[in-house]
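Bear in mind the structure is a predicted one, so any value in this text is a computation, not a measurement. Note that ligands are numbered from 1 as they come in the structure, with each ligand's atoms numbered from 1 the same way.
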Amino acid sequence: MNDLTFYNTLTRKKEKFMPISSPTVTMYSCGPTVYNYAHIGNLRTYVFMDELRRTLKFAGYTTKSVMNITDVGHLMSDGDDGEDKMQSAAKKQNKSPEEIAAVYSAAFFKDLERLRILTPEIVAKATDNIAEMIDFVQKLCDKGYGYETDDGIYFDISKFDGYGKLSRCNLDDALAGARVAVNTQKRHPADFAIWKKAEKNHIMQWVSPWGMGYPGWHIECSAMGKKYLGERFDIHTGGVDHIPIHHENEIAQSEALEGHPVVNTWMHGEFMLVDGGKMSKSLGNVYTVDDLISRGYSPLAFRYFCMNTHYRNKLNFTFDGLNSAQTAYDRLRAAISSNINADQASAEVKVKIEACCERIIAAVYDDLNFPLALGELWNMVKLPQCRDIYDAAEKLDCLFGLSLHEQPEKRDDDIPDDVKAIAEERYAARQRKDWATSDALRDKLDKLGYTVLDSKTGYEIKRR
Ligand code: AMP
Ligand code: ZN
């Protein structure tokens, strides 16, 4: 097997990767909470998961990857209060939580497919694993880590020596950071619920040794990781927001139960920002893949956009940035396709192509440096035209997942209908010399990423 190095959040170091049981790599990725459509930030984290899985496969490993689908227990606040996100969405849409989960899970898998993110070998729904979670909680209670209060079973973080080791905060920091406890029976404000007792109006609830209830969000991942991957596994992934609470709590639960470390390498994807700030519904900047498509972008251009920034760096999403990515991505594919009917390379060019391929592979084996790998791919397509470039790109595509050897779609007719309608409306405003409306509509088009060029005979719409 080839040498790979990955940055381990736990040690804050790049480490040589050595799987427990080569050639299989065991890996767990925190999956989506299926109460809404995945936004582009969520999807950036799954593009990172995919870069990792594709790199491992390319290096000759067999991946045994698990991703959970959270369809119960993720509350509105990261503390242990607020309504269950599934239940809240169900009420708003007048549907059952199962219906909500089915709709948004299907949408999520459609997004993965459109972004060419390979589906993990095992996809596990939280609600299919409740018995394992109850068993986990019971064992934590038996070992003295779990204790009962009126509203649930809590994990006593003071009993677990390593609490805070992932985020590098100590117990005092955790206690100081915890909000004033809603539940005054908690031994420490930062103790967290591993099982919640259900109130009568709670829709999802199961029989347990502690009455009717439902699992805490963190226990889901610990229990499903144990069930599918055993008491030790190679890699755990998620977004950086999971480091201080979700993954810290997962470590506490799993290590308390097993009596030893469970995960060897913790890997986290940095956040995506939009226009330099947080994504939020109130700012109207929470975009989905469908939003990008309706503005005329291809999902794989978004994938290219993500891959062009290292997974450990913040990525600022703007439509200008996506537009440049779309242009670069189309040019890259056009350049690769232009070699399809070319002659074989000269000996000299062959050596250069091989060197590019080697540098691409070395880049991704070095903590998934896909931006560097893409740069090398560009160097390769700039070499004199030859069939070998096309063949090399085709082989490398299992690593990039960018459909590199396919012709870019013709984009001229790709102006979405709603954009065309706004341009028509603007044209009509111009005809009646209503400049204020015309300017407002031009601004609207601009915000959507389109420029309109007026001419004597009409107008032309161009995507920026
Ligand atoms: P959730 O469905 O909220 O559990 O989130 C699914 C995944 O998306 C998790 O791994 C989060 O860490 C990740 N995530 C959430 N927001 C962002 C963001 N803005 N950028 C990157 N990843 C994110
Ligand atoms: Zn998780």
Side-chain angles (χ1 to χ4, degrees), residues 9 27-52 65-78 82 84-86 88-89 100-101 104-105 107-109 111-112 115 117 120 123-126 129 133 136 166 192 194 215-229 233 235-254 262-263 266-281 283 285-288 302 305-306 309-317:
T9 311
M27 169 173 157
Y28 189 96
S29 298
C30 286
T33 307
V34 282
Y35 71 113
N36 206 340
Y37 293 108
H39 59 59
I40 53 174
N42 301 135
L43 292 165
R44 180 195 186 193
T45 292
Y46 298 110
V47 168
F48 146 60
M49 171 191 84
D50 194 52
E51 289 177 349
L52 175 58
S65 226
V66 177
M67 181 172 68
N68 63 295
I69 299 291
T70 299
D71 55 356
V72 65
H74 196 168
L75 306 186
M76 296 305 248
S77 109
D78 258 2
D84 188 307
K85 291 183 177 184
M86 297 300 299
S88 162
I100 293 289
Y104 294 115
S105 298
F108 176 70
F109 288 109
D111 284 344
L112 295 194
L115 291 170
I117 296 170
V123 174
K125 276 190 345 194
N129 291 279
M133 295 171 202
F136 207 112
L166 188 67
F192 57 91
I194 45 183
W217 173 40
H218 320 299
I219 204 77
E220 296 181 3
C221 291
S222 284
M224 288 192 267
K226 179 176 172 59
K227 173 174 173 181
Y228 294 105
L229 300 174
F233 55 92
I235 306 177
H236 196 310
T237 74
V240 286
D241 57 324
H242 285 345
I243 299 173
I245 298 176
H246 184 49
H247 289 166
E248 205 67 84
N249 293 351
E250 239 188 279
I251 290 178
Q253 297 161 154
S254 298
V262 171
V263 176
W266 283 91
M267 294 178 71
H268 292 94
E270 247 302 346
F271 252 37
M272 174 172 278
L273 309 172
V274 171
D275 295 325
K278 224 181 138 175
M279 261 183 259
S280 84
K281 277 209 181 107
L283 293 173
N285 64 4
V286 182
Y287 301 112
T288 61
F302 173 71
F305 174 77
C306 291
T309 295
H310 191 263
Y311 78 94
R312 284 197 288 120
N313 290 336
K314 288 194 174 64
L315 172 54
N316 186 29
F317 177 88

Is there side-chain contact between [X] and [Y], with at least one heavy-atom pair below 4.5 Å?
X    : Y    : answer
I40  : F305 : no
H218 : I245 : yes
F109 : V123 : yes

Subject >> Option among T288, V286, N42, D111 that satisfies the side-chain contact (heavy atoms from CB on, under 4.5 Å) test with Y37 >> reply: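 Testing Y37 for a side-chain contact (heavy atoms from CB on, under 4.5 Å) against T288, V286, N42, D111 leaves exactly one candidate, T288.
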Subject >> Sub-3.5 Å N/O-N/O distance, R44 and ligand 1 >> reply: no
Original post:
Do any nitrogen or oxygen atoms of G41 come within less than 3.5 Å of a nitrogen or oxygen of ligand 1?
Top reply: yes
Pairs under 3.5 angstrom only: tabulate donor-acceptor contacts from the side chains of residues 266-276 to other protein residues two or more places apart or in another chain.
from	atom 1	to	atom 2	distance (Å)
H268	ND1	T9	OG1	2.8
H268	NE2	H247	ND1	2.8

To the nearest 0.5 angstrom, please state how far the [atom1] atom of [X] sits from the [atom2] atom of [Y].
X    : Y    : atom1 : atom2 : value
H310 : E51  : NE2   : CD    : 8.0 Å
W217 : E220 : CH2   : CD    : 9.0 Å
S65  : L52  : OG    : CG    : 7.5 Å
Y28  : T237 : OH    : OG1   : 10.0 Å

Distance under 4.0 Å to a non-hydrogen atom of [X]: what atoms of ligand 1 satisfy this?
X    : value
T45  : 10 (O), 13 (C), 21 (C), 22 (N), 23 (C)
H242 : 9 (C), 10 (O), 11 (C), 12 (O)
H39  : 16 (N), 17 (C)
P32  : 2 (O)
D241 : 11 (C), 12 (O)

**OP:** Using a 4.0 Å heavy-atom cut-off, say whether M279 meets ligand 1 through its side chain, its backbone, both or neither.
**Re:**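 Side chain only; the backbone of M279 stays clear of ligand 1.
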Got the closest protein heavy atom to [atom], with its distance?
atom                    : value
atom 10 (O) of ligand 1 : G239 N, 3.3 Å
atom 2 (O) of ligand 1  : T33 N, 3.0 Å
atom 19 (N) of ligand 1 : M272 O, 3.2 Å

Original post:
Any luck finding a side-chain donor-acceptor pair between H242 and E250 under 3.5 Å?
Top reply: no
**OP:** With sequence neighbours excluded, tell me which residues meet salt bridge (charged side-chain N to carboxylate O under 4.0 Å, His left out) with K85.
**Re:** none
Original post:
atom 5 (O) of ligand 1: which of N68, N42, I69, V286 has the nearest heavy atom?
Top reply: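 Considering heavy atoms of N68, N42, I69, V286, the nearest to atom 5 (O) of ligand 1 sits in N42.
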**OP:** Give the single entry among F271, Y46, W217 that approaches atom 17 (C) of ligand 1 most closely by any heavy atom.
**Re:**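 Nearest option to atom 17 (C) of ligand 1, by heavy atoms: F271.
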Subject >> Distance filter under 2.8 Å, centred on the Zn ion (ligand 2) - protein N, O or S atoms that pass it >> reply: C30 SG, C221 SG, H246 NE2
Original post:
For S254, which residues count as a side-chain contact (heavy atoms from CB on, under 4.5 Å) partner, sequence neighbours excluded?
Top reply: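 Once residues adjacent in sequence are excluded, the partners of S254 under the side-chain contact (heavy atoms from CB on, under 4.5 Å) criterion are F136, S222, V262.
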